Structures are given as C-alpha cells and as structure tokens.
Trainee: 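Structure below; questions to follow.
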Amino acid sequence: MIMSRIEAPRSEDAVAPSDLTDRLLAGLPGEAVVTDPDVTASYANDMASFCPAGTPAVVVLPRTVEQVQHVMRVATELRVPVVPQGARSGLSGGANATDGCIVLSLTRMDRILEISPVDRIAVVEPGVINATLSRAVEEHGLYYPPDPSSWEMCTIGGNIGTGSGGLCCVKYGVTAEYVLGLDVVLADGRLMSTGRRTAKGVAGYDLTRLFVGSEGSLGIVVRAVLALKPKPPQQLVLAAEFPSAAAACDAVCRIMAGGHVPSLLELMDRTTVKAVNDLARMGLPETTEALLLAAFDTPDPAADLAAVGALCEAAGATEVVPAEDAAESEMLLKARRLSLTALEAVKGTTMIDDVCVPRSRLGAMLEGVERIAAKYDLTIGVCAHAGDGNTHPTVCFDAADEAESRRARESFDEIMALGLELGGTITGEHGVGVLKKEWLAREIGPVGVEMQRAVKQAFDPLGILNPGKVL
C-alpha cells in the first residue's frame with residue numbers, strides 16, 4: 001500500500017488515550033475494546049492503494065446496538081472521530097483510520113435475525129457476510145441478488161455503505177434496490193429507523209436511500225431489512241472470444257438493443273485473461289483479445305444463449321462456446337471473480353478504477369484505456385460488468401518503483417477523466433472514500449457539493465463520523 005496519514009479533526013483539548021479507553025470500558029465488555037498497537041494497526045486501512053491512513057487510538061468490536069450507541073455517545077462527548085468498518089475489502093479507502101480515532105468494527109454483529117418467505121425479506125445485522133446470507137435465503141427458495149466479487153468476505157454493512165454492485169446487476173440491480181429499511185445509530189448515539197418492511201411505502205423523505213452509499217459518514221447501520229426474490233433457475237454461461245475489445249463491446253450493444261435480459265454480461269480483456277491463467281491455470285483462451293461471458297437464468301437458458309451467441313458471431317466473435325452444465329458455468333464465473341486478484345499478482349500492487357459509462361460508450365472507454373496504458377508504459381487490465389457499462393481498469397505497478405508508482409497514479413486519474421468525458425461516473429459500485437474525493441467535486445459540481453455538505457452537517461454537526469471521506 002502507498003499511503004500517507006489521515007489526521008483526525010482536533011478538539012481544543014486533546015483526549016488522552018487512557019481516558020478514552022476508560023470511558024469506553026464503562027459501557028463495553030473488555031473483550032470488545034482493543035488497544036494493543038500491533039493489533040489496532042491491522043485495522044488501519046482497506047484494500048485500496050494510494051489512500052492515506054492514520055493510527056487508531058482504539059478498536060471497538062461491539063455485538064449489540066446498545067454498545068454501538070455507547071461508543072457514539074462517548075465519541076460525541078469527547079469529540080473523537082469514529083471510523084466504521086466491515087471486512088475492509090473496500091477499494092477506495094473509505095474504511096481507512098484517522099489518527100486518534102475509534103475504529104468501530106461491526107464484524108461481530110453478524111446475526112441473520114429473520115428470513116420471511118411470505119414477505120420476501122431478510123432482517124440482518126451489518127456484519128453478516130454476503131455469501132452467508134445468500135446461502136441462508138436459498139434454503140427458503142429465495143435469492144439475494146447483489147453479489148460483489150468479494151462476496152465470500154464482504155459484509156452487508158459494507159455493501160450498504162458503498163452501495164456495492166456485482167456480477168448480476170445487469171438484470172437484478174445494485175444493493176440500493178434491495179435495502180427496504182435501516183436502523184441507524186446517529187453521531188450523538190440516538191437510534192433512528194428508516195424505511196419499511198412492506199412491499200410498498202412512500203412516507204416522508206427516502207432517508208434509507210440517503211444512507212446507502214454514504215460510507216458511514218452519516219450514521220452507523222446496525223440493522224437492515226433487505227428485499228428478496230424467488231430463487232431463479234440455475235443459470236448457464238456462454239463464453240465468446242473476440243479479435244478486439246471493440247468487437248466485444250459491439251456485441252454487448254447488440255445484446256442489449258435486442259431486448260435480451262442476461263443475468264450476467266461480463267468482459268475480460270487479453271491482459272486479464274492471461275493474469276487469471278497465470279494465477280489459477282484456468283485454461284482460458286489467451287489468443288483472444290477480449291472474452292465475453294453471458295449468462296441466463298431463464299426457464300430455457302440454452303435458447304437464450306443460442307440467440308446471444310448468434311449476435312456475438314454477427315459482431316465478429318471468433319468462437320462461441322456455451323457451457324454444457326452448471327459446473328462448467330461455475331468454472332467460468334470463478335475465472336471472472338478471480339480477475340482483480342490475478343491482476344494484483346502481475347506486479348504486486350494495483351489501482352482499481354470503477355468508472356461506469358453508458359453502454360453505448362463502452363467501446364470508446366476500453367479504447368481510451370488502451371491508449372492511456374501505452375502513454376504511461378503500464379500494464380492496465382480491464383474487467384467489466386459490460387452489461388451495465390461498469391468498467392474496472394486495473395493499473396498494475398511495482399510500489400517500490402517510485403517513477404512507476406507516479407505514472408500509475410497519473411494514469412488512474414486520466415482514466416477517471418476519460419469516464420467523465422464519455423458521460424459516465426467516477427464510481428459505479430466501489431464508492432468515493434479517500435481515493436476519489438477530488439473527482440466527486442468535478443462530477444457533481446459546486447452546487448452539488450454544497451448541498452451534500454449541508455446533508456452531512458445535518459446528520460453529523462461535529463464532523464466525527466468517518467472524517468476525510470467522500471467530501
């Protein structure tokens with residue numbers, strides 16, 4: 001990781017670490033409060049590069065809502081910043097500690113409180129692992145669609161904090177579309193409930209949506225009511241090889257314009273395919289310039305795959321291979337999920353962009369990334385949720401090489417600028433955090449920044465919730 005420090009906002013009278021610890025222990029069990037510097041240091045940052053991180057004063061691991069409320073009351077009284085964390089699998093520095101802060105790790109609040117097949121909801125605590133919830137609801141014939149690539153480790157609270165997406169967004173949408181209601185501990189320790197558990201409801205401002213994607217800067221999510229869907233049929237996957245990324249993007253446009261609704265439509269460029277093969281010996285075709293994966297979970301997926309396969313061939317695919325069964329489909333999905341891990345192994349460090357563009361500009365985005373890679377003499381692999389235009393250009397570099405690290409940062413910024421030029425957004429699912437603060441202002445403009453800061457001030461007048469993030 002390449003990081004400087006994040007300094008916490010200082011009160012006029014600095015709080016002694018022992019005073020802070022004593023106050024926390026007055027309402028928390030000893031095992032929930034960690035002060036060992038060797039341990040607290042391991043909570044300093046998430047998985048993003050080039051994001052500053054500070055040294056926390058203490059790490060708190062609550063198990064109950066009341067314990068979270070106590071932490072926030074102490075923080076408010078002593079004017080100590082609080083950085084909420086989940087699994088720290090984020091890619092924008094949104095969970096990075098500030099100097100002297102309380103890191104509030106919610107991983108021990110990991111209970112699934114309710115699954116209702118009739119209401120088609122699940123009620124969960126924030127530390128529940130995404131994959132754990134998905135498997136639990138599957139036992140009831142239900143389906144929780146949001147599935148980030150890190151679904152085996154990321155938490156529902158973290159998914160809500162960043163507004164995360166996943167491979168199935170092209171058909172099923174992102175996390176925000178499944179959060180019906182929240183219980184949130186505010187900066188001063190009060191508990192607020194938002195939203196509903198009903199199928200419909202439009203009472204008042206939609207504060208639930210406001211908290212989704214707020215990265216812990218407005219309040220601490222301690223419970224979530226999540227919408228579920230009936231479990232779909234087993235999906236089948238098709239792999240199509242293309243002689244160029246432009247041809248693969250043309251196929252994406254043909255598929256979407258043709259009215260098809262795939263459950264997954266993913267793209268891996270040549271660099272990514274090679275990296276996955278080098279890491280896991282997956283046997284993917286390295287002669288291809290771009291590999292497109294399409295899936296359907298319809299009653300007759302073979303027919304849908306045949307129709308999409310024909311569109312891929314019309315766009316110039318050199319080979320189209322439908323999976324024969326669920327096992328072969330899962331192998332292809334495993335390869336896609338390994339993409340970011342595999343690209344990190346290329347040089348040891350990566351910067352992962354999250355630019356989302358209109359589908360019609362996807363080809364221009366990938367062509368632009370290729371030009372940027374050549375300009376800065378860098379390896380940049382691209383994997384993408386092609387069906388919704390969400391690209392992950394991944395800059396691979398050696399963190400020990402100062403010149404290469406500088407070029408990596410410059411290329412990362414140029415990729416974000418390209419995304420905005422193409423009518424896109426700087427983040428489709430990873431959040432703003434520290435990494436993209438400057439770029440958020442460029443995207444939403446001065447009036448947008450002013451209004452968002454006013455919202456922040458209303459919920460967190462002391463500025464103690466995840467300071468230095470988003471705005």
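Not measured: the values here are computed from a predicted model. These numbers come from the heavy atoms of this one structure, side chains and all, not from hydrogens, waters or symmetry mates.
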Trainee: List the steps, then state whether salt bridge (charged side-chain N to carboxylate O under 4.0 Å, His left out) holds for Lys274 with Glu286.
Mentor: CA-CA 6 Å; Lys274 183 178 185 307; Glu286 292 190 15; 5.2 Å; no

Trainee: Looking only at atom types and distance, does a side-chain atom of Arg281 sit under 3.5 Å from a main-chain N or O of Asn277, one as donor and one as acceptor?
Mentor: yes

Trainee: Can you tell whether the side chains of Glu404 and Arg409 come within less than 4.0 Å, N to carboxylate O?
Mentor: no

Trainee: Sub-3.5 Å donor-acceptor pair from the side chain of Thr394 to the main-chain atoms of His392, do we have one?
Mentor: yes

Trainee: Go through Glu344 and Thr349 one step at a time and tell me if the side chain to side chain donor-acceptor pair (under 3.5 Å) criterion holds.
Mentor: CA-CA 5 Å; Glu344 185 175 3; Thr349 312; over 6 Å; no

Trainee: Keeping the roles fixed (side chain from Asp304, backbone from Pro262), state whether a donor-acceptor pair exists under 3.5 Å.
Mentor: no

Trainee: Is there a donor-acceptor pair under 3.5 Å between the side chain of Ser263 and the backbone N or O of Cys168?
Mentor: no

Trainee: Is a side-chain donor-acceptor pair under 3.5 Å present for Ser329 with Gln235?
Mentor: no

Trainee: Would you mind writing out the side-chain donor-acceptor pairs for residues 137-146 within the sub-3.5 Å range, not counting sequence neighbours?
Mentor:
unit_1 : atom_1 : unit_2 : atom_2 : d
Glu138 : OE2    : Lys231 : NZ     : 3.0

Trainee: Answer whether the closest heavy-atom distance between the side chains of Phe459 and Leu210 falls below 4.5 Å.
Mentor: yes

Trainee: Stepwise, does the ring-ring contact (aromatic ring centres under 6.0 Å, His included) test hold for Phe397 with Phe412?
Mentor: CA-CA 12 Å; Phe397 65 101; Phe412 181 88; 9.9 Å; no

Trainee: Flag the pair Lys375 and Glu414 as a salt bridge only when some basic side-chain nitrogen lies within less than 4.0 angstrom of an acidic carboxylate oxygen.
Mentor: yes

Trainee: Is a salt bridge present between Asp388 and Arg359, judged by a nitrogen-to-oxygen distance below 4.0 Å?
Mentor: no

Trainee: Measuring only between side-chain heavy atoms, which start at C-beta, is Tyr43 closer than 4.5 Å to Gln85?
Mentor: yes

Trainee: So which atom in Gly165 and which in Glu429 form the shortest heavy-atom distance, rounded to 0.1 Å?
Mentor: CA-OE1, 3.2 Å

Trainee: Show the numbers, then the answer: is there a salt bridge (charged side-chain N to carboxylate O under 4.0 Å, His left out) between Lys334 and Glu330?
Mentor: CA-CA 6 Å; Lys334 180 181 178 182; Glu330 184 56 36; over 6 Å; no

Trainee: Is Lys469 salt-bridged to Glu215, going by a charged N under 4.0 Å from an acidic O?
Mentor: no

Trainee: Please find the pair of heavy atoms, one from Gly216 and one from Leu465, that lie closest to each other, and give the distance.
Mentor: O-CB, 3.7 Å

Trainee: If you apply the rule side chain to side chain donor-acceptor pair (under 3.5 Å), what do you find for Asp183 with Ser193, and how did you get there?
Mentor: CA-CA 4 Å; Asp183 281 357; Ser193 295; 2.7 Å; yes

Trainee: Check this for me: does any side-chain nitrogen of one of Arg336 and Glu266 sit under 4.0 Å from a carboxylate oxygen of the other?
Mentor: yes

Trainee: Is it the case that the side chains of Asp413 and Trp439 hold a donor-acceptor pair, with the cut-off being a distance below 3.5 Å and no angle test?
Mentor: yes

Trainee: Working to the nearest 0.5 Å, report the span between SG of Cys154 and CG of Asn130.
Mentor: 4.5 Å

Trainee: Mind listing the closest non-hydrogen atom pair of Val276 and Leu284 along with its distance?
Mentor: CG1-CD1, 4.0 Å

Trainee: Is it true that, when you exclude Lys456 itself, more than 12 heavy atoms of the residues, nucleotides or ligands shown sit nearer than 6.0 Å to its NZ?
Mentor: yes

Trainee: Do the side chain of Ser405 and the main chain of Asp401 share a donor and acceptor less than 3.5 angstrom apart?
Mentor: yes

Trainee: Any sub-3.5 Å donor-acceptor pair from Glu125's side-chain atoms to Val222's backbone N or O?
Mentor: no

Trainee: Looking at side-chain heavy atoms only, is the closest gap between Leu293 and Leu265 below 4.5 Å?
Mentor: no

Trainee: State whether the side chain of Asp297 and the backbone N or O of Leu236 hold a donor-acceptor pair below 3.5 Å, judged by distance alone.
Mentor: no

Trainee: Just wondering, are more than 12 heavy atoms of other shown residues or ligands nearer than 6.0 Å to CZ in Arg111?
Mentor: no

Trainee: Is any side-chain heavy atom of Val395 closer than 4.5 Å to one of Thr350?
Mentor: no

Trainee: With distance as the sole test, does Thr391 use its side chain to make a donor-acceptor pair with the main-chain N or O of Val355 at under 3.5 Å?
Mentor: yes

Trainee: Using only atom types and a distance under 3.5 Å, with no angle test, would you say the side chain of Asp250 pairs donor to acceptor with the backbone of Ala246?
Mentor: no

Trainee: Working to the nearest 0.5 Å, report the span between CE of Met365 and SG of Cys356.
Mentor: 10.0 Å

Trainee: Should the heavy atoms of other residues, nucleotides or ligands under 6.0 Å from CE of Met451 be counted, would the total exceed 12?
Mentor: no

Trainee: Could you measure the distance from the CG atom of Leu180 to the OG1 atom of Thr194? Nearest 0.5 Å is fine.
Mentor: 10.0 Å

Trainee: Evaluate Val252 against Leu292 for side chain to side chain contact (heavy atoms under 4.5 Å, CB included), listing each step before the verdict.
Mentor: CA-CA 9 Å; Val252 170; Leu292 190 66; 3.8 Å; yes

Trainee: For residues Pro62 and Leu106, report the shortest heavy-atom separation together with the two atoms involved.
Mentor: CG-CD2, 4.1 Å

Trainee: Is there a donor-acceptor pair closer than 3.5 Å between any side-chain N or O of Glu241 and the backbone N or O of Ala290?
Mentor: no

